[in-house]
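Have a look at the structure below, then the notes.
Predicted, not measured: the structure shown is a model, and the values here were computed from it.
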Amino acid sequence: MEMTMSKVVVITGAATGLGRATALKLAKEQYHLVIVDFNEEEGIKTTELVKELGAEAMFVKADVSNEEDVKNYVTRAVETFGTINYFLNNAGIMVPFRLIHEYDVTEYDRIMNINVKGAFLGLKYVIPVMLENGGGTIVNTVSSNSFKPTAYNGIYAATKHAVIGLTKSIGQDYQSKQIFAVGVAPNNMKTNISANAAVTLNEEIGKAIYETTAPNIAATAEEVAEAMIFAMKNGQLLSGATINCAGGQIYN
Ligand SMILES: NC(=O)c1ccc[n+]([C@@H]2O[C@H](COP(=O)([O-])OP(=O)(O)OC[C@H]3O[C@@H](n4cnc5c(N)ncnc54)[C@H](O)[C@@H]3O)[C@@H](O)[C@H]2O)c1
C-alpha cells in the first residue's frame, strides 16, 4: 500500500495567538509543522504542544524582518521535511495608537519591516521552493484594517492594505505555476496583539475608535484558525481573494 506523504506547513508568528491556534488544529491532521517566531519561549511551547498532539514539528527562531533569518527558516524546513506545501505568512505587530503625523520614523520602520517586508521576505524565499515543488498555497494574515482603518491606526492599516496587494498579485501572477495565495482578515480577534497599541489609549482615542467602529462580534483565535485552514485547503478556488472574518461589521 502506498503511504500518503504528510504535507509540510510553515507558520510564522506561531508562538501565540492565531498562529498557535492554527498550528494546534493542524497538528491533529498529520501535517508536518515548522513553527517560526522570534518569541523563543512561547514558540518552543507551541512546538511541544503540537508534538503532544502527534505532529512532527520543529521550531525555528527567526525575526521575519531579517533576511538571513528568513533564508534560514526556509532552508531548515526544506532540509528537515523535504519541501514546503503551505506557507502561513502570519507574523505581525501593532504600534501605539496615534494620528499619522505623530508617529516617529522608527515606529513606521518597525511596523513596515515586520508586517510588509517580513511578509515579502517570506514570499521571496518560499515561492522558489513551491515553484520547484510544482505548486503550493500561501495564506497571508491581513486584517479588517485592510478594508477600513480603525481610528488612530493609520500605519498599521497601511501595512495591512499592502499585504492584501501582495495577495492579489500572487493570485494574478502565479496561476500557471499552481501557486495560490489567500488572505484571511480577522476583525476583532481575542489575542494580545493590541497590548502594544493600547499604551497610548485614553478617553479621546477610545471614543474615536468606538465611534468609527460599527458593531461586531469578537472572534477567538480558534475560530479564525478555521478560516486559515479553509483558506489553506482551497487555494485554487480562492486565490487572490481574502476571507473577511467581519463578525457582522460592514465596512462601506
Ligand atoms: N488580534 C486581532 O484582532 C487581529 C485583527 C486583524 C489582524 N490580525 C493579525 O493576525 C496576525 C496574528 O496576530 P495575533 O492577533 O495572533 O497576535 P499575537 O501577537 O498573539 O501573534 C503574533 C505573533 O507574531 C510574532 N511576531 C511578531 N513580530 C515578529 C517578528 N519580527 N518575527 C517573528 N515573529 C514575530 C509574535 O511573537 C507573535 O507570536 C497578525 O498578522 C495580526 O496583524 C490580528
Side-chain angles (χ1 to χ4, degrees), residues 3-39 42-62 64 69-92 118-119 121-142 163 166-167 170 174 178-184 186 221-239 243:
M3 294 279 287
T4 317
M5 286 284 285
S6 287
K7 301 279 191 198
V8 182
V9 189
V10 174
I11 313 179
T12 68
T16 61
L18 177 60
R20 173 183 277 181
T22 307
L24 292 179
K25 284 186 190 286
L26 290 173
K28 296 177 193 151
E29 297 186 38
Q30 268 68 58
Y31 290 97
H32 290 340
L33 300 173
V34 182
I35 306 296
V36 176
D37 209 288
F38 67 0
N39 181 341
E42 295 302 316
I44 288 172
K45 204 150 130 198
T46 300
T47 312
E48 283 167 359
L49 289 170
V50 300
K51 282 182 177 168
E52 278 169 25
L53 292 167
E56 279 194 44
M58 163 175 76
F59 174 67
V60 185
K61 185 178 180 183
V64 297
D69 283 9
V70 174
K71 273 190 205 169
N72 183 54
Y73 78 65
V74 172
T75 305
R76 294 275 313 282
V78 174
E79 277 171 6
T80 307
F81 294 128
T83 190
I84 298 169
N85 303 100
Y86 302 101
F87 176 47
L88 310 189
N89 204 3
N90 168 74
L121 286 173
L123 299 170
K124 176 170 172 58
Y125 289 100
V126 170
I127 288 175
V129 176
M130 291 181 169
L131 286 170
E132 179 89 3
N133 191 36
T137 294
I138 296 152
V139 178
N140 291 323
T141 306
V142 293
V163 179
L166 293 170
T167 307
I170 296 165
Y174 290 86
Q178 298 292 303
I179 295 174
F180 310 117
V182 185
V184 170
E222 289 70 26
E223 287 163 344
V224 180
E226 296 288 343
M228 296 288 284
I229 294 168
F230 183 79
M232 189 185 116
K233 292 181 177 175
N234 292 279
Q236 180 166 310
L237 178 70
L238 297 172
S239 198
I243 301 177

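- Nearest heavy atoms, Ile35 versus Ala14: CG2-CB, 3.7 Å.
- The CD atom of Glu132 lies 12.0 Å from the CD1 atom of Ile84; values are rounded to the nearest 0.5 Å.
- A heavy-atom distance below 4.5 Å is found between the side chains of Leu26 and Met232.
- The one candidate from Asn85, Leu123, Ile138, Thr83 that meets the side-chain contact (heavy atoms from CB on, under 4.5 Å) condition with Met130 is Ile138.
- Not a single donor-acceptor pair under 3.5 Å links the side chain of Thr137 to the backbone N or O of Tyr86.
- With rounding to the nearest 0.5 Å, the separation of OH in Tyr73 from CZ in Phe87 is 3.5 Å.
- Contact record, Asn89 with Gly118: OD1-O, 4.2 Å, taken as the closest heavy-atom pair.
- Atoms CD and CG, from Gln30 and Leu53 in turn, are 10.5 Å apart once rounded to the nearest 0.5 Å.
- Of all heavy-atom pairs spanning Ala119 and Leu166, the tightest one is CB-CD1, 4.3 Å.
- The two residues Leu33 and Ala23 have their closest heavy-atom pair at CD1-O, 3.5 Å.
- Distance alone, capped at 3.5 Å, places no donor-acceptor pair between the Ser6 side chain and the Tyr31 backbone.
- For the residue pair Phe59 and Thr47, the shortest heavy atom distance occurs at CB-OG1, 3.3 Å.
- Lys45 has a carboxylate O that lies under 4.0 Å from a charged side-chain N of Glu42, or vice versa, which qualifies the two as a salt bridge.
- The closest donor-acceptor contact from the side chain of Asn133 to the backbone of Val129 lies at 3.5 Å or more, if one exists at all.
- Of the inter-residue distances, the one linking Met228 atom CE with Asn140 atom CG reads 8.5 Å to the nearest 0.5 angstrom.
- In plain terms, the two heavy atoms of Ala15 and Thr46 that are nearest each other are O-OG1, 3.1 Å.
- Distance CD/Gln236 to CD1/Ile179: 13.0 Å, rounded to 0.5 Å.
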Pair Val182-Phe230, side-chain contact (heavy atoms from CB on, under 4.5 Å): steps then yes or no: CA-CA 10 Å; Val182 185; Phe230 183 79; over 6 Å; no
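- Going from atom CZ of Arg76 over to atom CZ of Phe81 covers 10.0 Å, rounded to the nearest 0.5 Å.
- Remark: the backbone N or O of Val64 is not paired with any side-chain donor or acceptor of Asp69 at under 3.5 angstrom.
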